[in-house]
Number of protein chains: 4
Amino acid sequence: MARKPPTTPRKNASQERSRATVDALVEATARILVKEGFEKASTNHIAEIAGVSVGSLYQYFPSKEALVAAVIERHNEEIMNVVRAAFAEVADLPIEKAVRRLVTVAIEAHHIDPNLHRVLAEQIPRSGHLAEVEAYSHEIHALVRTYLERHRKEMRKLDPALAAFMCVSTIEAIAHNTVLNGEMLSEKMVKVLVDETTRLVVGYLK
Amino acid sequence: MARKPPTTPRKNASQERSRATVDALVEATARILVKEGFEKASTNHIAEIAGVSVGSLYQYFPSKEALVAAVIERHNEEIMNVVRAAFAEVADLPIEKAVRRLVTVAIEAHHIDPNLHRVLAEQIPRSGHLAEVEAYSHEIHALVRTYLERHRKEMRKLDPALAAFMCVSTIEAIAHNTVLNGEMLSEKMVKVLVDETTRLVVGYLK
Amino acid sequence: MARKPPTTPRKNASQERSRATVDALVEATARILVKEGFEKASTNHIAEIAGVSVGSLYQYFPSKEALVAAVIERHNEEIMNVVRAAFAEVADLPIEKAVRRLVTVAIEAHHIDPNLHRVLAEQIPRSGHLAEVEAYSHEIHALVRTYLERHRKEMRKLDPALAAFMCVSTIEAIAHNTVLNGEMLSEKMVKVLVDETTRLVVGYLK
Amino acid sequence: MARKPPTTPRKNASQERSRATVDALVEATARILVKEGFEKASTNHIAEIAGVSVGSLYQYFPSKEALVAAVIERHNEEIMNVVRAAFAEVADLPIEKAVRRLVTVAIEAHHIDPNLHRVLAEQIPRSGHLAEVEAYSHEIHALVRTYLERHRKEMRKLDPALAAFMCVSTIEAIAHNTVLNGEMLSEKMVKVLVDETTRLVVGYLK
DNA sequence: AATGAATGAGCCTTCATTCAT
DNA sequence: CATGAATGAAGGCTCATTCAT
């Protein structure tokens, strides 16, 4: 172990192939979900679109549900990366600036793949993935709460958990509805919405 | 009941029976959706629970989708009745009082049949009835907007459509999340949430 | 209810149809088992041979296993009818005569549908039908034991359960092997086998 | 082991490895058949348990059936070794002693691996290996017949083939049923059964 | 030779819908 | 109009076997 040859740790070919297959499957599932809807997302069809056999699908995913879960996971992870970064970036900013930034990020995050976002929002509750999804929800609540506690002095007296609930619900709803209403996606409109939401939230906290 | 006039213009028997059958079917669908989940809501099962034959089901509903649509319709109509009444009741109240009342009603409305509400929220998008549901959404926006325009003088200058969007999104989200979080349904907690939401919205409008 | 019309209690048509469908399915299963083997007995194929849709198959049998069970049941019942009748007929005969008759019947019973018998003998253990099959086995043991106890005086002293075990094992094995060896099925040969088996068993009991 | 000659003519390494692989595969198949049942005996699973890749499995066995055949072969060979030895040992003993010994051996042989025995008894017919198994059956019949012919003088007049058929059927059935009935496996019970079966057979032959 | 990813025919089962009675 | 038996397309999944590495 210690004398491992200095050669590049080249992952063996098969590992790469596996990875490619898995990716193709998740990607195919997402594409079908978006373009054809949940009903059309049969395992056979997914495999076909992924350019893979059904057998291979089941080599990597124990069930159809697992595939959907992977899509959800991937999407949520993408969003959470943006969100986590935003909170890091905002940690020391005063409320007004922080909220403005977070609202912007929320809307942007919902933009990442709006159609997929919509489909997942609809399908998630069905599959038993509530737990995982709620984990993300909890994480967000925690991030908000932490921020609020750090900036307690800038705000009126307020239960942090409650305040977090109010803020998250509000910001998320507006971001969500904004994305759902294709009409509101003009750059100008987004700017207005960010302003308004910031006002709404900051007004509430102060 | 006893003094019912003996000459009731009883709609011909078959018409009454039809009505009863339709009701039984819609009711059975709703019950199954709530108690057994969407997966178990097969037409055969629905017919069975409704105490009717599958054939009869298809006599009254051209497809399974039509049945689900009817359930959605019924549920939304129930909610909208409450909501419309609330707006009528609130039309002349000052903002603070009106908002408080509307928030309360929103949470109550989400309570009407929380499980059904949840299931429908999940299934609606899938069943292509978004359009109809959006009609209700539009109606609500219109009601809010109308109220806001009537009370323009009590508020800062604000685009009514925009304000309506903000208010509806916010109130609905909080009501929705409140119901989803079984934990928040204590009477005391609801009171707090009403207070907070009112403050949030009123603060924004003023 | 009391004044039920005197008309013949004609089973309604659908009941007859159901019965016909069920019969066709069981028969088709048996035929396939015999002619094509267990592997080929897929539900779709069974339905096809029965001239019925798969859907109908599942209307009457909850699973493939249930169908096989029905075939087994039917076959066993056929055999047991013969066997029960034989025991009734033989109850008061002296050992020698009784054994001769029972051996004859055993071989005849294995003849009822030799190919099916063979296939089932092979398949039965697989499916969890051991219980039911063992019930028949128990019944036979009980019948033998009862006979032996009634005729105790004609025999040497012997534990009835043990004697029943020996007799049943022996007679059944010979009947079974006789049927499996197509060669032994000449009328003459059967006669010899009956003689020999009777001698074997009676010699043991006396 | 220690004094093994240093110049062991070790078969070239690959040959030894082959042998080991083949053994591992047959062993794995047997184990799975016994512990997990026929349904679970997929080639992939067998390979896995054998610690070998599926590819290798197909290097040594052209099909799954071939593997099962090998297991059957191995088991039967094991049993036949015992049986052949018994016949050799018994060749010159008088009927009574011989039969007693053979019955004992038959029960013992069925004990060698009762679970495997049971599974194979179920699966053999399905896997088209009846022919090979029947070869063993023939061998046993021949052994019995040979013994009987050598001891003709101790017996009444009797067709040797017929007598062999009767004896083999009887002894085998009792041994088989004894093993199937776990309850009968007490040492005491086995003793009784050997006594009884011996009496049954000897009584028949004399 | 060994590996194990890939294949795909085919199995069991469900369910929306139709239609003879 | 009601009934419910019948339909059959389609779905999820398994597994013996192949083949590129």
Side-chain angles (χ1 to χ4, degrees), chain A residues 12-22 39-48 51-67, chain B residues 13-14 17-18 21 39-48 51-67, chain C residues 12-22 39-48 50-65 67, chain D residues 13-14 17-18 21 39-48 51-67:
Chain A
N12 65 45
S14 67
Q15 239 174 215
E16 266 170 34
R17 253 222 285 177
S18 292
R19 177 78 194 175
T21 301
V22 167
E39 323 274 39
K40 295 293 171 54
S42 71
T43 50
N44 282 295
H45 190 199
I46 291 172
E48 188 190 0
V52 155
S53 69
V54 221
S56 289
L57 185 158
Y58 280 93
Q59 191 121 51
Y60 296 107
F61 296 91
S63 70
K64 184 188 172 178
E65 229 194 25
L67 250 176
Chain B
S14 69
R17 262 228 281 172
S18 291
T21 301
E39 327 267 37
K40 295 291 171 55
S42 69
T43 48
N44 282 291
H45 189 45
I46 292 172
E48 187 192 359
V52 158
S53 70
V54 221
S56 291
L57 185 157
Y58 279 89
Q59 195 92 45
Y60 295 107
F61 295 91
S63 71
K64 184 187 173 178
E65 225 189 35
L67 248 178
Chain C
N12 66 45
S14 68
Q15 240 174 211
E16 265 170 33
R17 251 222 287 177
S18 292
R19 177 77 194 176
T21 301
V22 167
E39 323 273 40
K40 295 293 171 54
S42 72
T43 50
N44 281 294
H45 190 200
I46 291 172
E48 188 190 0
V52 155
S53 70
V54 221
S56 289
L57 185 159
Y58 279 92
Q59 192 121 49
Y60 296 106
F61 296 92
S63 70
K64 183 188 172 177
E65 229 194 23
L67 251 177
Chain D
S14 70
R17 262 229 280 174
S18 291
T21 301
E39 327 267 38
K40 295 293 173 51
S42 70
T43 50
N44 282 291
H45 188 44
I46 291 171
E48 187 192 359
V52 158
S53 70
V54 221
S56 291
L57 185 157
Y58 278 89
Q59 196 92 45
Y60 296 107
F61 296 90
S63 71
K64 184 186 174 180
E65 224 188 36
L67 248 178

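For clarity, every value in this text was computed on a predicted model and none was experimentally measured. Residue numbering restarts at 1 for every chain, and letters A, B, ... go by the order of the sequence lines.
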Worksheet item: Using the C1' atoms of five pairs at each end, what's the angle between the two axes of the helix from dA2(E)-dT21(F) to dT21(E)-dA2(F), to 10 degrees?
Response: 10°
Discussion item. One character per nucleotide, please: for nucleotides 8-14 of chain F, 5' to 3', B when the base has a protein heavy atom closer than 4.0 Å, S when only the sugar-phosphate does, - otherwise.
Written reply: B--SBBB
Worksheet item: Is any side-chain nitrogen or oxygen of Gln59(B) closer than 4.0 Å to OP1 or OP2 of dA2(F)?
Response: yes
Fill in: Whole angstrom value for the distance that separates P of dA5(F) from CZ of Arg19(C)
15 Å
Practice prompt. Please name all residues satisfying side-chain contact (heavy atoms from CB on, under 4.5 Å) with Ala20(A), sequence neighbours left out, ordered by chain then number.
Written response: none
Practice prompt. Quickly work out the Leu67(C) CG to dC12(E) P distance and round it to whole Å.
Written response: 11 Å
Worksheet item: Do Val22(C) and Phe61(C) touch side chain to side chain, with heavy atoms closer than 4.5 Å?
Response: yes
Discussion item. Could you work out, with side-chain contact (heavy atoms from CB on, under 4.5 Å) as the rule, every residue matching Ala41(C), not counting sequence neighbours?
Written reply: Ile32(C), Leu33(C), Ile46(C)
Item to complete: Could you tell me whether the side chains of Tyr60(C) and Ser18(C) share a donor-acceptor contact shorter than 3.5 Å?
Response: yes
Item to complete: Could you tell me the separation between the CG atom of Leu57(D) and the P atom of dA16(F), rounded to a whole number of Å?
Response: 10 Å
Practice prompt. Using the test side-chain contact (heavy atoms from CB on, under 4.5 Å), find all partners of Thr43(C) that sit at least two apart in sequence or belong to another chain.
Written response: Val54(C), Leu57(C), Tyr58(C), Lys64(C)
Fill in: Separation between NZ of Lys40(C) and NE2 of His45(C), rounded to the nearest 0.5 Å
8.5 Å
Discussion item. In whole Å, I'd like the distance from the CD1 atom of Ile46(C) to the P atom of dT13(E).
Written reply: 10 Å
Fill in: Which residues share a side-chain contact (heavy atoms from CB on, under 4.5 Å) with Ser53(B), sequence neighbours left out
Ser56(B)
Worksheet item: Taking OH from Tyr60(D) and P from dT18(F), how many angstroms apart are they, rounded to a whole number?
Response: 17 Å
Worksheet, complete the sentence: Taken to the nearest whole Å, CZ/Phe61(A) to P/dA5(E) is 14 Å
Worksheet entry | Selection from dA5(E), dA5(F), dT7(E) that lies nearest to any side-chain heavy atom of Ser18(A) | dA5(E)
Fill in: Distance, rounded to the nearest Å, where Glu48(D) contributes CD and dT3(E) contributes C1'
14 Å
